[in-house]
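Because the structure is a prediction, the values reported are computed rather than measured. First the proteins, then the strands, lettered A, B, ... as listed; each starts at 1.
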There are 2 protein chains.
Amino acid sequence: MASVTEENYLKALFILVSERGMATISDLSSLLKVSLPTANSMIKNLKKQDLVNYEKYKPLSLTEKGKREAALVLRKHRLTEMFLVTQMGFGWEVVHEIAEQIEHIDSSIFFERMDELMGHPTIDPHGSPIPDKDGRIAEEVYEQLSSCKVGDKVRLIALAHSAADFLKYLNNRDLQLGVEMKVISVEPFDGSMVVSYSNHSSETLTHPVCERLRVELLEH
Amino acid sequence: MASVTEENYLKALFILVSERGMATISDLSSLLKVSLPTANSMIKNLKKQDLVNYEKYKPLSLTEKGKREAALVLRKHRLTEMFLVTQMGFGWEVVHEIAEQIEHIDSSIFFERMDELMGHPTIDPHGSPIPDKDGRIAEEVYEQLSSCKVGDKVRLIALAHSAADFLKYLNNRDLQLGVEMKVISVEPFDGSMVVSYSNHSSETLTHPVCERLRVELLEH
DNA sequence: TAATTTTGTTAGAATACTCTAACTCCATAC
DNA sequence: GTATGGAGTTAGAGTATTCTAACAAAATTA
C-alpha cells in the first residue's frame with residue numbers, strides 16, 4: 001500500500017487534475033511545499049508503481065490505478081470532514097486540518113462505520129462529492145458565482161477551496177451551503193459582485209471569493 | 001514534538017515500566033518488534049532528548065518529561081478506544097488497532113471534543129485509567145483474579161491486556177467489565193480456576209486468563 | 001530568432017529509521 | 001572462579017524522503 005507521503009502526492013495530483021485539467025511537477029511541488037527535485041523523484045517512484053503517467057518534460061496524469069488510490073484517500077478525507085461536522089459538532093473551518101491526518105488511517109471498518117452512522121452522505125461539509133468505496137466520484141457540474149450575470153438567482157452548492165480563512169470569511173457573512181443569492185451588480189473593473197441573500201440585502205464579494213463559490217442557477 | 005516512532009517507544013516504555021516495574025532494551029525490542037540494535041539506537045536518541053534515563057548496560061526508565069509525553073499518548077489512545085466503543089458502536093475487541101493509529105493524530109481540539117462528548121470518562125473500555133490533560137494517571141490498585149482464593153466473590157474491573165483474541169475469548173463467555181464472579185475452585189497444578197457468574201454456573205479459566213483479569217474483592 | 005525566464009533534471013548529500021554481522025559485557029551455572 | 005548464554009553494543013549498510021547546487025530543456029518575451 002502507498003505510504004502517507006505517496007498518498008499525499010496522489011491526492012494532490014488528483015485535485016490538481018480535476019481543478020485545472022492538468023498538473024505539472026512544479027504545481028505539485030508548490031502545493032505540497034516540497035522542492036522541485038523532491039517532487040520529481042517522487043513522480044519517478046510513482047511511475048514505477050504504475051500510479052502516474054509521466055514522460056520527461058511532459059505534464060502529469062494519474063493512471064486508472066492511481067486515480068482509484070487517490071479517490072479512496074479523498075473518500076476518507078471527506079467522510080472524516082463530514083463526520084467531524086455532523087457527529088462531533090466541529091465548524092467547517094476547522095475540519096480540514098484534522099481530516100488531513102485521519103485520511104491516512106488504515107482501517108476500512110472505521111470509515112465504513114462513519115459512512116453508516118451518517119447514512120452514506122454524498123457530499124462533504126464544503127459541498128464536494130464523496131467518492132464511493134470503489135473510488136468512483138460524481139462530476140462537479142456547478143457554475144462559479146463569478147460567471148453569473150446581474151439579476152441571476154442562484155443557490156450556493158459548494159466551495160472550490162476549504163482553507164480556514166476563507167471559511168471564516170463566509171461564516172462572518174452568514175454564507176452557508178444552500179443559501180439562495182441574487183446578483184445585484186457586477187463591477188467590470190475587478191470582477192467583484194454585490195449580492196443579496198437571507199437578511200443581507202447588499203454584500204460585496206471580491207472576485208477571488210466569487211470564483212470559489214459554486215452555485216446552481218435558479219433563474220435569470 | 002516526538003515523531004510517531006518516538007511516541008511508540010515512549011508508550012511502550014511507559015507500559016512496560018508500569019506493568020513490570022522496569023524495562024530493558026530487549027523488552028522494548030520484542031514489544032515493538034524491532035531488532036535490538038534498533039531499540040538501542042532509539043534509546044540513545046531519546047536519552048539525548050532527556051526523555052529516558054539510560055546508562056550503558058543498565059535498565060531503562062522514563063524521565064518526568066518522558067512520562068508526561070507517554071501519558072499524553074496513552075490518553076489519546078484510551079480516549080479514542082472509549083469513543084470508538086461508546087460513540088461509534090465498535091466492540092472492545094477491535095478498537096485497539098484503530099486507536100494505535102489515531103493516538104498519533106496531532107490535534108488537541110479533536111481529543112478534547114471526544115472527551116467532552118463522552119463526559120470526561122476516567123477509564124477506557126478495558127478498564128484502564130485515562131490520563132488527564134496534564135499526563136497524570138490514576139494508580140491501578142486492583143488484584144489479579146489469579147491471586148484470589150476459593151470462595152472469594154469479586155467484581156471484574158479491568159483487563160491487563162487488550163489483544164483481540166483475548167477479548168473475543170471473553171466475549172464468547174459473556175465476561176464483561178462489572179460482572180460479579182465467585183471462585184468455585186482452583187487447580188493447584190496449573191493455576192486454572194473454575195468460576196461462576198451471571199448465568200454461567202461453572203466456567204473454567206486458565207491461569208494466563210486469570211492473571212489478566214483485574215478484580216475488586218467483594219467478600220471472602 | 002535570440003535572450004531570458006521558468007520548469008525540469010541530475011548529482012550528491014542529510015536525516016530518520018531500520019537491518020545484519022560481529023563483538024563485548026554480565027549474570028548465572030557448574 | 002571460570003565458562004557460557006543472553007543481553008547489550010558498535011560498525012556498517014539500506015530505504016524513504018528530503019534538501020541544495022548545477023545544469024538542461026522548454027516556453028515566453030523582446
Side-chain angles (χ1 to χ4, degrees), chain A residues 1-13 15-17 19-62 66 69-70 73 100-101 103-106, chain B residues 1-13 15-17 19-62 66 69-70 73 100-101 103-106:
Chain A
M1 229 220 8
S3 70
V4 168
T5 313
E6 288 167 339
E7 286 190 349
N8 283 333
Y9 278 85
L10 292 174
K11 191 182 52 149
L13 217 32
I15 289 170
L16 284 168
V17 170
E19 272 177 7
R20 317 185 183 176
M22 60 160 286
T24 64
I25 290 184
S26 64
D27 289 339
L28 264 185
S29 136
S30 55
L31 186 56
L32 296 174
K33 300 183 210 309
V34 295
S35 70
L36 222 27
T38 298
N40 185 284
S41 74
M42 179 53 80
I43 286 300
K44 285 181 183 168
N45 160 27
L46 295 175
K47 179 194 165 72
K48 206 174 298 169
Q49 296 178 60
D50 192 34
L51 292 163
V52 310
N53 299 121
Y54 161 69
E55 298 300 329
K56 266 189 189 180
Y57 300 109
K58 297 277 166 61
L60 303 167
S61 64
L62 289 166
E69 284 261 332
V73 177
E100 280 290 308
Q101 298 182 62
E103 71 191 6
H104 303 295
I105 300 288
D106 176 23
Chain B
M1 230 222 1
S3 70
V4 168
T5 312
E6 289 167 339
E7 286 191 348
N8 284 333
Y9 277 85
L10 292 174
K11 191 182 51 149
L13 216 33
I15 289 169
L16 284 168
V17 171
E19 272 177 8
R20 317 186 183 176
M22 60 159 287
T24 63
I25 291 185
S26 63
D27 289 340
L28 263 185
S29 135
S30 56
L31 185 56
L32 296 175
K33 298 183 210 310
V34 295
S35 70
L36 221 29
T38 298
N40 185 284
S41 75
M42 179 54 79
I43 287 300
K44 284 181 182 166
N45 159 26
L46 295 174
K47 179 193 165 73
K48 206 173 297 166
Q49 295 179 60
D50 192 33
L51 293 164
V52 309
N53 299 123
Y54 161 69
E55 298 301 329
K56 267 190 191 180
Y57 302 109
K58 297 277 168 63
L60 303 166
S61 64
L62 288 166
E69 284 261 331
V73 176
E100 280 290 307
Q101 298 182 62
E103 70 190 7
H104 303 295
I105 299 289
D106 176 24

* Asked: How far apart are the C-alpha atoms of V34(B) and Y9(B), what are their side-chain angles, what is the distance that settles it, and do they pass the side chain to side chain contact (heavy atoms under 4.5 Å, CB included) test?
  -> CA-CA 11 Å; V34(B) 295; Y9(B) 277 85; 3.5 Å; yes
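- Closest approach to the I25(A) side chain among dT18(C), dT9(C), dT17(D) is made by dT9(C) (side chain taken as heavy atoms from C-beta onward).
- Ranked by how close their nearest DNA chain C nucleotide is to the 5' end, T38(B) and K58(A) are led by K58(A).
- Among the nucleotides dT10(D), dT9(C), dT18(C), the one closest to the side chain of S41(B) is dT18(C).
- Listed nucleotides: dT17(D), dT9(C), dT9(D). Nearest to the side chain of N45(A): dT17(D).
- Using a 3.5 Å distance cut-off with no hydrogens or angles, the side chains of D27(A) and T24(A) do pair a donor with an acceptor.
- Relative to the side chain of Y9(A), the nucleotides dT17(D), dT18(D), dT18(C) differ in distance, and dT18(D) lies closest.
- Which of dT10(C), dC17(C), dA11(D) sits closest to the side chain of P37(B) comes down to dA11(D).
- For dC19(D), one of the phosphate oxygens OP1 or OP2 lies less than 4.0 angstrom from a side-chain nitrogen or oxygen of S35(A).
- When each of dT17(D), dG8(C), dC19(D) is scored by its nearest atom to the side-chain atoms of V34(A), the top-ranked nucleotide is dC19(D).
- OP1 or OP2 of dC17(C) sits under 4.0 Å from a side-chain N or O of T5(B).
- Taking the side chain of S26(B) as heavy atoms from C-beta on, and the options dT17(D), dA7(D), dT18(C), the nearest nucleotide is dA7(D).
- Residue N40(B) places none of its side-chain N or O atoms closer than 4.0 Å to OP1 or OP2 of dG8(D).
- Rounded to whole Å, the distance from NZ on K56(B) to P on dA7(D) is 19 Å.
- Relative to the side chain of K44(A), the nucleotides dC17(C), dT10(C), dT18(D) differ in distance, and dT10(C) lies closest.
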